[in-house]
Student: 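Please read through the structure below; I'll follow up with questions.
What you are looking at is a predicted structure, and each value in this text was computed from that prediction instead of being measured. Reminder, nothing fancy here: chain letters follow the sequence lines and each chain counts from 1. Below, all heavy atoms of this structure are taken into account, side chains as well, without hydrogens, waters or symmetry copies.
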Amino acid sequence: MATITIDTVGKYEDQNVTISGWLTHKRSSGRIHFLVLRDGTGTMQATLIQGETDEQTLKVYTELTQESSLTVTGTIRKDKRAPGGYEILVSGIEVLQIAEDYPIAPKEHGVGFLMDHRHLWLRSPRQQAILRIRHAVVNAARKFFDDQGFTLLDAPIFTPSSCEGTTTLFETEYFGDRKAFLSQSGQLYMEAGAMAFGKVYCYGPTFRAEKSKTRRHLTEFWMIEPEIAFADLETVMKLAEALMVAIVEGVIKTRQHELELLGRDIKMFEKIQPPFYIISYDEALQILKDAGESFPWGEDFGGGHETIISNHFDKPVLIHRYPAQTKAFYMKNDPHRPEVALCVDMLAPEGYGEIIGGGQREDDPAILKEKIRKADLSAESFDWYLDLRRYGSVPHAGFGLGIERAVAWLCGLEHVRESIPFPRLMDRLYP
RNA sequence: UCCCCAGUAGCUCAGUUGGCAGAGCAGAUGGCUGUUAACCAUCGGGUCCGCGGUUCGAGUCCGUGCUGGGGAGCCA
């Protein structure tokens, strides 16, 4: 007798099999009883009929509670009345554990309650759909870089200092009187990597101690960050566009069922093809002015402004050459227009905000040193970073893609907290 | 850090002008021979977030604290 998983059930029609899983819920009508079994690969209905199923098994059925773990033995039958088209006619149930009162009912719950039970909430179909799409996003992105000859180079989490001077860092003790900080970005290390390997990327968690309470913020989020030697802004804009196309393609190819469960329009994603809209900061400012928003040149866009801009386009939009003062110290200024940086942000459609940020890096040692000084950063901590400009400096560029925001957009989520298995927010560190 | 909203049964919520604490779901029991978050009946279930105040009387009004949610700034 075969032990099978629910996703392969179609291959076992009329065969006797066993399936292990959890009980999502029960229902019955007269002498016929149903239980819905979930095993991580899917859900299916198991059927017991009084008079056909033996008394002992029927007795076990009545004792099962929601989320009890069990192994079911029976015959797979094709039946139009069963959700999914197949059911198992039960001949035996082996109980692993009878679950205590399960807090999450197949009904509505408040966000706070569900977040407190995130470890159990992951069992719901919607959360599984979102996190499977997350997996597909990461897979597609990594395959994209691997296929193009990038080397995966893991960046450290403990860092001696800030990568982005303006944002707040999480600080921790590091043996005695020394301090370490949790990484905000792997970028500086990727720049070192690019000088060794040519094309590199990292994928890992990053931490920002910003006291932000919005639908787009987590204190711990994951980024994939490519960096390329002998590359300029144009190169990375093209790369960012190709990456997004590859991600969308990967997701709609492998996770169509999940997108449908989340109520997403596949046709909308099929339209995400090159070329994307590429506009300058100045042109973005004009869009805001046309929408009746007064906005001074020289400031970075807020969430509301990004939404107005992205709503103008049915595809992700790339915005380049922001005012230099809004960007980090390592960005190279445009030699033809020193007041703007050779940087680019990609805004997701539907107001999901910035999903990619990057640009060309400062490659002149003297200018970079001055920028570090102006940003009020310690010269010592960045000595190694300046070495990259002392020993064979080359033009280079890269960017970072925020995984959670990309997933939130693809899944149509209200808040990024559902796009990561265990979200970390300003006011939430549990479970 | 600031602004707005909420906190009543295990969960989601209602509770009128200040006058006996309510519903649906979940749970228990019973019924129903194909259910799709099944359905029907019955039953059990309360620190009305905490503290203080006003009042003959507070879930309701006032003050304060805590918790949760949404937003701003900042950012991916």
Side-chain angles (χ1 to χ4, degrees), chain A residues 24-36 43-53 62-63 65-67 77 79-85 87 89 100-117 120 124-125 163-169 184-187 205-225 240 299-307 322 326-328 344-348 352-358 399-409 414-417 419-420 425-428 430:
Chain A
T24 68
H25 60 285
K26 298 195 287 192
R27 43 178 183 259
S28 64
S29 176
R31 291 196 191 100
I32 188 156
H33 308 280
F34 303 97
L35 58 83
V36 179
T43 60
M44 79 176 296
Q45 173 170 290
T47 308
L48 297 83
I49 299 167
Q50 225 159 310
E52 293 181 38
T53 312
T62 62
E63 285 162 5
T65 55
Q66 191 188 354
E67 289 303 320
R77 293 202 314 199
D79 194 316
K80 279 183 193 149
R81 294 166 297 188
E87 63 181 16
L89 185 63
E100 294 174 31
D101 280 353
Y102 189 67
I104 301 179
K107 290 281 172 184
E108 69 225 54
H109 294 282
V111 172
F113 177 83
L114 289 170
M115 291 290 286
D116 284 339
H117 295 87
L120 303 176
S124 76
C163 295
E164 312 207 358
T166 54
T167 43
T168 322
L169 290 152
Q184 293 172 304
S185 162
Q187 183 206 311
T206 52
F207 308 86
R208 308 259 169 112
E210 291 158 7
K211 292 181 177 174
S212 306
K213 277 186 71 175
T214 84
R215 66 181 61 188
R216 300 182 308 279
H217 284 88
L218 298 166
T219 55
E220 179 180 318
F221 66 97
W222 289 64
M223 280 209 288
I224 194 153
E225 297 176 277
E299 283 181 29
D300 205 352
F301 304 122
H305 301 118
E306 287 181 349
T307 302
Y322 282 64
T326 67
K327 292 293 168 182
V344 62
D345 283 2
M346 184 189 287
L347 304 187
Y352 280 94
E354 186 185 341
I355 49 174
I356 283 178
F399 61 82
L401 164 72
I403 296 296
E404 287 75 17
R405 284 195 188 168
V407 173
W409 162 53
E414 291 287 312
H415 195 297
V416 287
R417 65 183 156 223
S419 67
I420 184 166
L425 295 136
M426 189 181 144
D427 295 321
R428 187 168 288 282
Y430 176 92

Student: Between B:C75, B:G73, B:U35, which nucleotide has the shortest distance from any of its atoms to the side chain of A:Thr214?
Tutor: B:G73
Student: What's touching nucleotides 9-14 of chain B from the protein side, N or O pairs under 3.5 Å?
Tutor:
| unit_1 | atom_1 | unit_2 | atom_2 | d |
| --- | --- | --- | --- | --- |
| B:C11 | O2' | A:Glu108 | O | 3.2 |
| B:C11 | O2' | A:His109 | ND1 | 2.6 |
| B:U12 | OP1 | A:Gly110 | N | 2.9 |
| B:U12 | O2' | A:Glu108 | OE2 | 2.8 |

Student: Has the side chain of A:Glu404 got a donor or acceptor atom that lies under 3.5 Å from a matching backbone atom of A:Trp222?
Tutor: yes
Student: Which nucleotide, B:G34, B:A76, B:G69, lies nearest any side-chain atom of A:His217?
Tutor: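 Ranking B:G34, B:A76, B:G69 by closest atom to the A:His217 side chain puts B:A76 first.
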Student: For A:Ile355, which contact category applies under a 4.0 Å heavy-atom criterion: base, sugar-phosphate, or nothing?
Tutor: sugar-phosphate
Student: Can you check the A:Arg27 CZ to B:A26 P distance for me, whole Å?
Tutor: 13 Å
Student: Under a 3.5 Å limit for both distances, which nucleotide forms a Watson-Crick or G-U wobble pair with B:A21, could you say?
Tutor: none
Student: For atom P, what is the distance between B:G50 and B:U42, given to the nearest Å?
Tutor: 33 Å
Student: Within the 4.0 Å heavy-atom criterion, would you say A:Ala406 contacts the bases, only the backbone, or no part of the nucleic acid?
Tutor: nothing
Student: Please check the phosphate of B:G69 (OP1 and OP2 only) for any side-chain N or O of A:Arg428 closer than 4.0 Å.
Tutor: yes
Student: According to the Watson-Crick and G-U wobble definitions, with both distances under 3.5 Å, which nucleotide is paired to B:G73?
Tutor: none
Student: Could you give the CD-to-C1' distance, from A:Gln187 to B:A76, as a whole number of Å?
Tutor: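 Between C1' of B:A76 and CD of A:Gln187: 13 Å.
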Student: May I ask you to say what A:Ile356 touches in the nucleic acid, namely base, sugar-phosphate or nothing, with a heavy-atom cut-off under 4.0 Å?
Tutor: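 If one applies the 4.0 Å heavy-atom cut-off, A:Ile356 turns out to touch the sugar-phosphate alone, with no base involved.
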Student: Would you mind telling me which of B:A76, B:C75, B:U35 lies closest to the side-chain atoms of A:Leu218?
Tutor: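 Closest nucleotide among those given: B:A76.
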Student: How many Å lie between NZ on A:Lys327 and P on B:C74, as a whole number?
Tutor: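 My rounded result for the distance is 12 Å.
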Student: With the side chain counted from C-beta on, respond yes when A:Leu401 and A:Ile355 share a heavy-atom pair under 4.5 Å apart, and no when they do not.
Tutor: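 Result yes, sub-4.5 Å side-chain heavy-atom pair found.
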Student: Look at the side chain of A:Thr307 and the backbone N and O of A:Gly303, then say whether any donor-acceptor pair between them is shorter than 3.5 Å.
Tutor: yes
Student: Applying side chain to side chain contact (heavy atoms under 4.5 Å, CB included), name anything that partners A:Ser28, two or more places apart in sequence or on another chain.
Tutor: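 Counting only residues at least two positions away or on another chain, A:Ser28 forms a side chain to side chain contact (heavy atoms under 4.5 Å, CB included) with A:His33, A:Tyr61.
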Student: With both distances kept under 3.5 Å, what pairs with B:A6, Watson-Crick or G-U wobble?
Tutor: B:U67
Student: Starting from C1' on B:U29, measure out to CD on A:Glu63 and report it in whole angstrom.
Tutor: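 These atoms are roughly 15 Å apart.
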Student: Going by purine N1 to pyrimidine N3 plus the second Watson-Crick contact, or the G-U wobble pair, all under 3.5 Å, which nucleotide sits opposite B:A28?
Tutor: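 Answer to the pairing question: B:U42, which forms a Watson-Crick or G-U pair with B:A28.
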Student: With heavy atoms under 4.0 Å as the rule, sort A:Glu87 into base, sugar-phosphate or nothing.
Tutor: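 Base contact - A:Glu87 has a heavy atom under 4.0 Å of at least one base atom.
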Student: Quick one: on RNA chain B, does A:Asp101 or A:Lys80 contact a more 5' nucleotide (nearest heavy atom)?
Tutor: A:Asp101
Student: Is the phosphate of B:G70, meaning OP1 or OP2, less than 4.0 Å from a side-chain N or O of A:Arg215?
Tutor: no
Student: Using only atom types and a distance under 3.5 Å, with no angle test, would you say the side chain of A:Arg31 pairs donor to acceptor with the backbone of A:Gly51?
Tutor: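 Checking the backbone N and O of A:Gly51 against the side chain of A:Arg31, no donor-acceptor pair under 3.5 Å is found.
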Student: Is it true that, when you exclude A:Glu414 itself, more than 12 heavy atoms of the residues, nucleotides or ligands shown sit nearer than 6.0 Å to its CD?
Tutor: no
Student: Has A:Phe34 got its ring stacked on the base of B:G34, with centres under 5.5 Å and planes less than 30° apart?
Tutor: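 So no, this residue does not stack on that base, at least one cut-off failing.
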Student: Classify A:Thr206 by what it touches in the nucleic acid, base, sugar-phosphate, or nothing, heavy-atom distance under 4.0 Å.
Tutor: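 Nothing: the residue A:Thr206, judged by heavy atoms under 4.0 Å, touches no strand.
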Student: Rounded to whole Å, how long is the line connecting atom CD of A:Glu306 with atom P of B:G71?
Tutor: 14 Å
Student: Atom CD of A:Glu299 to atom C1' of B:A72: distance rounded to whole Å?
Tutor: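 Checked: the CD to C1' distance equals 14 Å.
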Student: A:Asp116 near the nucleic acid: base, sugar-phosphate alone, or nothing, with a heavy-atom cut-off under 4.0 Å?
Tutor: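 Here A:Asp116 touches no strand at all.
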Student: Among the candidates B:C75, B:G34, B:A37, find the nucleotide nearest to the side-chain atoms of A:Glu210.
Tutor: B:C75
Student: Please state how far atom CG in A:Asp427 lies from atom P in B:U67, giving the value in whole angstrom units.
Tutor: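 Rounding to the nearest Å, CG of A:Asp427 and P of B:U67 are 8 Å apart.
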Student: Check every atom of B:A76, B:G34, B:G70 against the side chain of A:Arg208 and return the nucleotide holding the closest atom.
Tutor: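 Looking only at side-chain atoms, A:Arg208 lies closest to B:A76.
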Student: Using only atom types and a distance under 3.5 Å, with no angle test, would you say the side chain of A:Arg417 pairs donor to acceptor with the backbone of A:Leu425?
Tutor: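 Checked: no pair found.
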Student: Knowing that exactly one of A:His117, A:His25, A:Gln66 qualifies, which makes a side-chain contact (heavy atoms from CB on, under 4.5 Å) with A:Tyr102?
Tutor: A:Gln66
Student: Now, which nucleotide makes the Watson-Crick or G-U wobble pair with B:C61, with each of the two distances under 3.5 Å?
Tutor: B:G53
Student: Using the C1' atom as the reference point in each nucleotide, state the distance between B:U55 and B:G68 in Å, no decimals.
Tutor: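 Comparing C1' positions in B:U55 and B:G68 gives a spacing of 31 Å.
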Student: Walk me through whether A:Val344 and A:Phe399 qualify under side-chain contact (heavy atoms from CB on, under 4.5 Å).
Tutor: CA-CA 8 Å; A:Val344 62; A:Phe399 61 82; 5.6 Å; no
Student: All N/O contacts under 3.5 Å from nucleotides 1-8 of chain B to the protein, with atom names and distances to one decimal?
Tutor:
| unit_1 | atom_1 | unit_2 | atom_2 | d |
| --- | --- | --- | --- | --- |
| B:U1 | O4 | A:Lys211 | O | 3.1 |

Student: Quick one: does A:Ser419's side chain have a donor or acceptor within less than 3.5 Å of a partner on A:Val416's backbone?
Tutor: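 A pair under 3.5 Å: yes.
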Student: Kindly point out which of B:G69, B:A76, B:G34 is positioned nearest to the side chain of A:Arg417?
Tutor: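 Shortest atom-to-atom distance from the side chain points to B:G69.
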Student: Would you indicate, yes or no, if B:G73 has its OP1 or OP2 atom less than 4.0 angstrom from a side-chain nitrogen or oxygen of A:Arg216?
Tutor: no
Student: Counting the atoms with a prime plus P, OP1 and OP2 as sugar-phosphate, which does A:Gln45 contact under 4.0 Å by heavy atoms, base, sugar-phosphate, or nothing?
Tutor: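 Base, at least one base atom sits under 4.0 Å.
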Student: For A:Glu225 and A:Gly186, indicate whether the former's side chain and the latter's backbone hold a donor-acceptor pair under 3.5 Å.
Tutor: yes
Student: Measure from the side chain of A:Arg405, starting at C-beta and using heavy atoms only, and say which of B:C32, B:G70, B:A76 lies closest.
Tutor: B:A76
Student: Which nucleotide, if any, forms a Watson-Crick or G-U wobble pair with B:C48, using both distances under 3.5 Å?
Tutor: none
Student: Taking atom P in both B:C61 and B:A6, compute the distance separating them and give it to the nearest angstrom.
Tutor: 10 Å
Student: Tell me the interatomic distance from A:Tyr430, atom OH, to B:G68, atom P, rounded to whole angstroms.
Tutor: 13 Å
Student: Between A:Arg216 and A:Arg405, is there a donor-acceptor pair closer than 3.5 Å when you use the side chain of the first and the backbone of the second?
Tutor: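 Not confirmed, A:Arg216 side chain does not pair with A:Arg405 backbone.
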Student: So, A:His305 side chain and A:Gly302 main chain: donor-acceptor pair closer than 3.5 Å or not?
Tutor: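 It does hold such a pair.
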Student: For A:His25, which contact category applies under a 4.0 Å heavy-atom criterion: base, sugar-phosphate, or nothing?
Tutor: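 If one applies the 4.0 Å heavy-atom cut-off, A:His25 turns out to touch the sugar-phosphate alone, with no base involved.
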Student: Suppose you measure atom P in B:U29 against the same atom in B:A21; what distance do you get, rounded to whole Å?
Tutor: 31 Å
Student: If I pick the P atom on B:A72 and the same atom on B:U60, what distance separates them, to the nearest angstrom?
Tutor: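 Each nucleotide's P atom is 33 Å from the other's.
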Student: Decide ring pair (Phe, Tyr, Trp, His ring centres under 6.0 Å) for A:Phe221 and A:Phe207; before the verdict, give the C-alpha distance in whole Å, the side-chain angles of both, and the deciding distance to 0.1 Å.
Tutor: CA-CA 7 Å; A:Phe221 66 97; A:Phe207 308 86; 8.5 Å; no
Student: Between A:His415 and A:Arg31, name the one whose nearest nucleotide on RNA chain B is closer to the 5' end.
Tutor: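 Nearer the 5' end of the strand: A:Arg31.
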Student: What's the closest nucleotide to the side chain of A:Asp79 if the choices are B:G34, B:A76, B:A37?
Tutor: B:G34
